[in-house]
Amino acid sequence: MKKELAKAYDPKGLEDRIYKTWEERKYFHAEVDENRKPFTVVIPPPNVTGILHMGHAFDETVQDILVRWKRMQGYNTLWQPGTDHASISTEVRITNELKEEGIDKHALGREKFLERAWEWKRKYGGTIVSQLKKLGSSCDWDRERFTMDEGCNRAVTEVFVRMHEKGYIYKGSRIINWCPVCNTSLSDAEVEYEEQNGHLWHIRYPFIEEDGSVSTTRFIEFATTRPETMLGDTAVAVNPNDERYRELVGKKLMLPLMNRELPIVADDYVDMEFGTGVVKITPAHDPNDFEVGKRHHLPEINIMNDDATINENGGKFAGMDRYACREQIVRELDELGLLVRVENYTHNVGTHDRCHTTVEPLIKKQWFVRMDELIKPAVRAVKEGEIKLVPAGAEKRYFNWTDNIRDWCISRQLWWGHRIPAWTCEDCGEIIVDRTQPSACPKCKGSHLTQDEDVLDTWFSSALWPFETLGWPDETPDLKYFFPTDVLVTGWDIIFFWVIRMIFSSYEQMGTYPFHTVIFHGLVRDAQGRKMSKSLGNGIDPLEIIDLYGADALRLTLVTGNDMGSDMRFYRERVENSRNFANKIWNASRFIMMNLHENEDWYGAPMPDGLEPADKWILSRFNSTVREVTDNMDRYELGIAVQKVYDFIWEEFCDWYIEMVKPRLYGEHMEESRRAAMWCLTTVLAGSMKLLHPYMPFITEEIFCTLQSAEESIMISDWPVYRDEWNFEKEEKEIDTIQTAVRGIRNVRNAMNVAPSKKVSVIIVSEDKKTLDIFTTGKLFFESLAGASDSRCQTDRTGIDDSAVSVSLPGATLYLPLAELVDVQAEIDRLTKELKRLDAELARSEKMLTNERFLAGAKPEKVEEEREKKRKYEQTHAQVEEQLARLTGKKA
RNA sequence: GGGAGCAUAGCUCAGCUGGGAGAGCGUCCGCCUCACACGCGGGAGGUCACGGGUUCGAGCCCCGUUGCGCCCACCA
């Protein structure tokens, strides 16, 4: 029975049906197979409770394209899926939900809170996964993982213990970024600097005189953006080379409001050029001051509680909010005459990337990863090309980060996450790090051990993702076979959070890189170029787009017309165009299948006899497209690759080839010709669908499966390869000549307003027999495309009326007896314009060919090519001149 | 302050190693031609930001200027 495509293209039912079939047939599933080469990609695990947004859609599409392509090339592909527990962002959301119910997180307690979190995960954890499926993602869902599943937990503990043993992980009192709203420490990467309009307060502190009294005349002046931190000041610093202050070093100042003596110290950190060249030093509340304090053995006075209110060290200000305190202090300093002036000032303020609260630098006891040694192999890997970053510009960013890296604060004062495998002995204070809870303190044998309350930074577990998902720390066959993975696809935004940390974690634990290529892509923005965000409400829901236009159209839109490294604008018109393309190939396919006879299946059949020039032309063009597209994909230029497939299918295959063969399909007594055409139509259509499949998996599958019955799915069929025997240069040139002729005739007819329904005869005149042969062989489709009633070839102008309109081609002239229908003036205008164009081309050609440097320097083929061009221009020029002369003569 | 990038048709953007300015959308003209009006054919529209330079030849290479966002950074 003859299979048929539905009359209208409707992605809705089709996509779900096909995806289900793929899943049932286990096409996505990968098993170790030593006879095949693996190709492995790990998904950047989306937040387990997240929902799909355009950024995911883009990211997943790129990965799926690579995976489907490699699968078709015969690789044993594994696309490892999974989700991330997203410690802080999930915790924040649950806390807020609780708040709405009037429940305080701390009142609820850790146990109950975690129960609630797991409940959340159960409830929403499947959402993102089912949404990824709607996109057509060919992930191996049998292998889905979660960063807090049993295996990942083991991996995290193992890495923590090992790194602790090697001294890479330590607990220490350091100045860290603190979010007073989320109540936790943050890593440097989680701090986002925002430009804010603030003030610069110029303040002065009085000197303490020799006799111990506080001076009322001698002051030292400086500026600050955070006056409240003065409560924790323990010194004032100047540059050691600063002549102005040299003799003041070692002198004492009185800290106003607190009545604390402050030494004046000299430190290189102070910039003499800035302000007065004096800086107040608050070691407990500023990272730089912290360093200065260490160098000068200054006391660290913490004046703040975790919620950013002032603590008991702030004296009478204790209990006040940091900003209220700021105002109060400024007021009091002013009253004391110590406020010199206030200046408006814009500066960058560190904020928490999740909640945008201004972070407070505080000294806290936290767990850190020492980075100096760990980062070295990660730097080397990129420098020596072991890991390739695409686009290459990413390297600068990468090195900028690695060169300035500081120790990574990995402990978080949260509950949702991997609890730190460290215990404190209540009896002797010993800290024990181990894989399991120790029964007794190894030092004092005491048994009162309490586990560290903190959890680990989310990225600590994601950093292990490429190997923990394959079974590590066990030496599984999967790990041996699929690791290292191949390509990582992700956005710029997590290069520091994730990519670099995966690289050094992999080198440390596995001794090798986690992937050989990283592809960074830009952001998906709205039509105005703004970030898509919840607060702006300008986000476009990918699922809504899929519902309206189909996942194929969405995918195509996301990778077309933009290089991946830069941001893209997304709007509906672009998706509509993609959908139109899908509709186009649907209808072209339908047309081809309509013309197949009962039980006729040309897929995979040997090339039949009787291929005509047009057939060889399209085959040859397809062949070149295969090579170019594959080359582009090898370079990860997906947008360029798919554009070539698009152009080939729409323009060459649909607009030209299908129109060319139509007469042969309907005509009588031309069965051999029809069969040749059907073979080509089928072969090129199937091949084109394969080239397109990674980008538009659903529609290509439907067409492929309906077109032929030898193979059960396009996704496991072979990727087309370039074949020498399909290269037909001669026919490409011949068809090019006919195309030029057809365009010329259409052009004339349009310019002169000849009704499309009006068929006219065409006479081709050329002295070159070969040229005439082209038109004789292609007579049938040439006439059909040109809207000609008939065509005749001859070597001279005998029998052609002077009034016939002519079309000049290189090497031939076409005559159309249109005289009575035609506007002579329009024709004169057209020819005049044509002459002008030819003059310009000739001038350019002339200039190049008389240029000695060009003749000597350029490639010989280029020179020959240019000579050939010039000859053609000259020929055409003469023809046009002649026609024009005739017309104007006649007119006169 | 440092870094990398972008400025090409009305709009959104392609344009690989220098040698005939492109696509989609929009617009204009003509077509419901038996696969497709989500279509077909044809057209208009660009001193490729500006100023220099290298070159026989530059959208593409070099220098500078302007404009725009981006990343990083402790300038109190």
Side-chain angles (χ1 to χ4, degrees), chain A residues 5 7-9 193 200 222-226 229 237 269-271 273-282 286-291 345 347-348 350 361 391 393-397 399-401 404 492-493 495-496 522-523 527 529 549 553 560-563 565-571 573-574 576-595 631-632 635 637 639-640 643 646-647 654-655 658-659 662 666 742-743 746-751 753-757 784-785 787 841 844-845 847-848 850-859 862 865-866 869:
Chain A
L5 287 175
K7 187 153 170 32
Y9 167 60
Y193 287 89
L200 196 53
F222 55 87
T224 178
T225 54
R226 297 187 299 157
T229 59
Y269 154 67
V270 182
D271 179 359
E273 309 295 318
F274 189 89
T276 56
V278 179
V279 186
K280 71 186 210 41
I281 301 296
T282 323
D286 182 283
N288 298 302
D289 294 5
F290 179 78
E291 299 298 328
Y345 192 66
H347 60 140
N348 289 322
E395 290 184 9
K396 294 262 182 183
R397 259 190 227 195
F399 293 131
N400 182 42
W401 174 266
N404 297 300
W492 291 105
D493 49 340
I495 178 170
F496 309 129
L523 243 51
Y549 304 100
T560 314
N562 205 305
D563 81 350
S566 44
D567 292 357
M568 97 168 47
R569 298 193 192 204
F570 190 96
Y571 42 90
E573 287 80 355
R574 292 186 58 215
E576 272 170 29
N577 180 246
S578 301
R579 189 271 322 269
N580 293 352
F581 177 61
N583 191 57
K584 183 76 186 177
I585 60 180
W586 183 267
N587 281 297
S589 306
R590 211 160 56 83
F591 171 77
I592 291 166
M593 291 181 216
M594 267 176 197
N595 286 287
D631 285 350
N632 285 126
R635 292 193 292 269
E637 296 163 349
I640 297 172
Q643 186 69 52
Y646 179 103
D647 289 344
C654 291
D655 290 347
I658 289 183
E659 295 306 323
K662 272 181 178 173
Y666 304 139
V742 168
R743 283 197 195 98
R746 285 172 176 170
N747 215 311
V748 172
R749 293 178 57 123
N750 260 294
N753 260 318
V754 181
S757 51
S784 141
L785 294 177
E841 294 286 10
R844 187 187 55 80
S845 214
K847 202 176 150 199
M848 275 174 81
T850 52
N851 188 308
E852 282 172 30
R853 297 285 199 97
F854 170 69
L855 296 174
K859 289 180 205 145
K862 285 272 180 195
E865 202 179 295
E866 196 55 44
K869 270 190 205 167

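Since this is a predicted model, take the numbers as computed values, not measurements.
A:Lys584 comes within 4.0 angstrom of a nucleotide base, judged by non-hydrogen atoms across all strands. A:Tyr666 comes within contact range of the sugar-phosphate backbone alone, with a heavy-atom separation under 4.0 Å but no base atom that close. Nucleic acid contact for A:Phe222: none, since no nucleic acid atom lies under 4.0 Å from a heavy atom of the residue. Looking at heavy-atom distances under 4.0 Å, A:Tyr345 makes contact with sugar-phosphate atoms alone, never a base. As judged by a 4.0 angstrom heavy-atom cut-off over every strand, A:Asp271 is placed among the base-contacting residues.
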Which nucleotides of nucleotides 5-20 of chain B have their base under 4.0 Å from a protein heavy atom (B), which only their sugar-phosphate (S), and which neither (-), written as one string 5' to 3'?
-> -------SSSS---BS
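For A:Arg579 and B:rA37, the CZ to C1' distance is 12 Å, given to the nearest whole Å. Distance, A:Asn288 CG to B:rC75 C1': 8 Å, rounded to whole Å. The CG atom of A:Asp493 sits 10 Å away from the P atom of B:rC72 (whole-angstrom rounding). Following rounding to the nearest Å, A:Ile495 (CD1) and B:rC71 (P) show an atom-to-atom distance of 13 Å. The CG atom of A:Asn595 sits 12 Å away from the P atom of B:rC36 (whole-angstrom rounding). Separating the CG atom of A:Leu523 from the C1' atom of B:rC71 is a distance of 12 Å, rounded to the nearest angstrom. One atom, CZ of A:Phe290, and another, C1' of B:rC74, lie 14 Å apart when rounded to the nearest Å. The distance between atom CG of A:Asn583 and atom C1' of B:rC40, rounded to the nearest whole Å, is 14 Å.
You'll find that the side chain of A:Glu659 is closest to B:rA35, out of B:rC74, B:rA35, B:rC72. The side chain of A:Pro756 has B:rG30 as its nearest neighbour among B:rA4, B:rG30, B:rC25. Closest to the A:Asn577 side chain, of the nucleotides B:rC25, B:rG42, B:rA35, is B:rC25. With B:rA35, B:rC38, B:rG42 as the choices, the nucleotide that has an atom nearest any side-chain atom of A:Met594 turns out to be B:rA35. With B:rC72, B:rC36, B:rA76 as the candidates, the nucleotide lying closest to the side chain of A:Arg590 is B:rC36. Here the nucleotide nearest the side chain of A:Asn587, chosen from B:rC36, B:rC38, B:rC72, is B:rC36. Listed nucleotides: B:rA73, B:rA35, B:rA76. Nearest to the side chain of A:Phe591: B:rA35. When each of B:rG41, B:rA35, B:rC72 is scored by its nearest atom to the side-chain atoms of A:Asp655, the top-ranked nucleotide is B:rG41.
With both ends at atom C1', the span from B:rC31 to B:rC13 equals 30 Å, rounded to whole Å. The separation of B:rG19 from B:rG15, taken at their C1' atoms, amounts to 15 Å, rounded to a whole angstrom. Nucleotides B:rU8 and B:rG67 place their C1' atoms 16 Å apart, quoted to the nearest Å. Look at the P atom in both B:rG46 and B:rG22: the space between them is 13 Å, to the nearest Å. Separation of the C1' atoms belonging to B:rA7 and B:rC50 is 11 Å when rounded to the nearest angstrom. For the C1' atoms, the distance linking B:rG42 with B:rG3 amounts to 49 Å, nearest Å. Spacing of C1' atoms, B:rA14 relative to B:rA23, comes out at 7 Å, to the nearest Å. The gap from the C1' atom of B:rG30 to that of B:rU66 amounts to 46 Å, rounded to the nearest Å.
Looking only at atom types and distance, the side chain of A:Arg590 has a donor-acceptor partner in the side chain of A:Asn587 under 3.5 Å away. The closest side-chain donor-acceptor pair between A:Ser845 and A:Glu866 falls under 3.5 angstrom.
Within 3.5 Å, no donor on the side chain of A:Asn747 pairs with an acceptor on the base of B:rG42, nor the reverse. Below the 3.5 angstrom threshold, one finds no donor paired with an acceptor across the side chain of A:Arg397 and the base of B:rC71. You'll find a donor-acceptor pair under 3.5 Å spanning the side chain of A:Lys662 and the base of B:rA35, going by distance alone.
Under 4.0 angstrom from either OP1 or OP2 of B:rG30 there lies no side-chain N or O belonging to A:Asn750. Within the structure, every side-chain polar atom (N or O) of A:Tyr9 is placed at least 4.0 Å from both OP1 and OP2 of B:rA35. Contact annotation: A:Asn580 reaches the phosphate of B:rG39 (side-chain N/O to OP1 or OP2, under 4.0 Å).
Without hydrogens or angle criteria, A:Asn577 side chain to A:Glu573 main chain gives no donor-acceptor distance under 3.5 Å. Side-chain N or O atoms of A:Trp492 include none that pairs as donor or acceptor with a backbone N or O of A:Ala394 at under 3.5 Å. The main-chain N or O of A:Thr282 is never found under 3.5 Å from a side-chain atom of A:Asp286 such that the two would form a donor-acceptor pair. The backbone N or O of A:Tyr193 sits nowhere less than 3.5 Å from a side-chain atom of A:Asn348 that would complete a donor-acceptor pair.
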Please walk me through it: do A:Trp401 and A:Ile495 pass side chain to side chain contact (heavy atoms under 4.5 Å, CB included)?
-> CA-CA 10 Å; A:Trp401 174 266; A:Ile495 178 170; over 6 Å; no
Apply the test side chain to side chain contact (heavy atoms under 4.5 Å, CB included) to residues A:Asn400 and A:Arg397: give CA-CA distance (whole Å), side-chain angles for both, the deciding distance (0.1 Å), then the verdict.
-> CA-CA 5 Å; A:Asn400 182 42; A:Arg397 259 190 227 195; 5.6 Å; no
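Both distances falling under 3.5 Å, in either a Watson-Crick or a G-U wobble arrangement, place B:rG41 opposite B:rC29. Across all strands shown, B:rG5 forms a Watson-Crick or G-U wobble pair with B:rC68, both key distances being under 3.5 Å. Across all strands shown, B:rA21 forms no Watson-Crick or G-U wobble pair with both key distances under 3.5 Å.
With contacts defined as side-chain heavy-atom distances shorter than 4.5 Å, the pair A:Asp655/A:Glu659 does not qualify. In this structure, the side chains of A:Leu5 and A:Trp586 come closer than 4.5 Å at one or more pairs of heavy atoms.
Between A:Ser589 and A:Asn753, the residue anchored closer to the 5' end of RNA chain B is A:Asn753, taking for each the nucleotide with the nearest heavy atom.
Remark: A:Lys584 is not positioned above the aromatic ring of A:Tyr646, lacking an NZ or CZ atom under 6.0 angstrom from the ring centre and at most 45 degrees off the axis.
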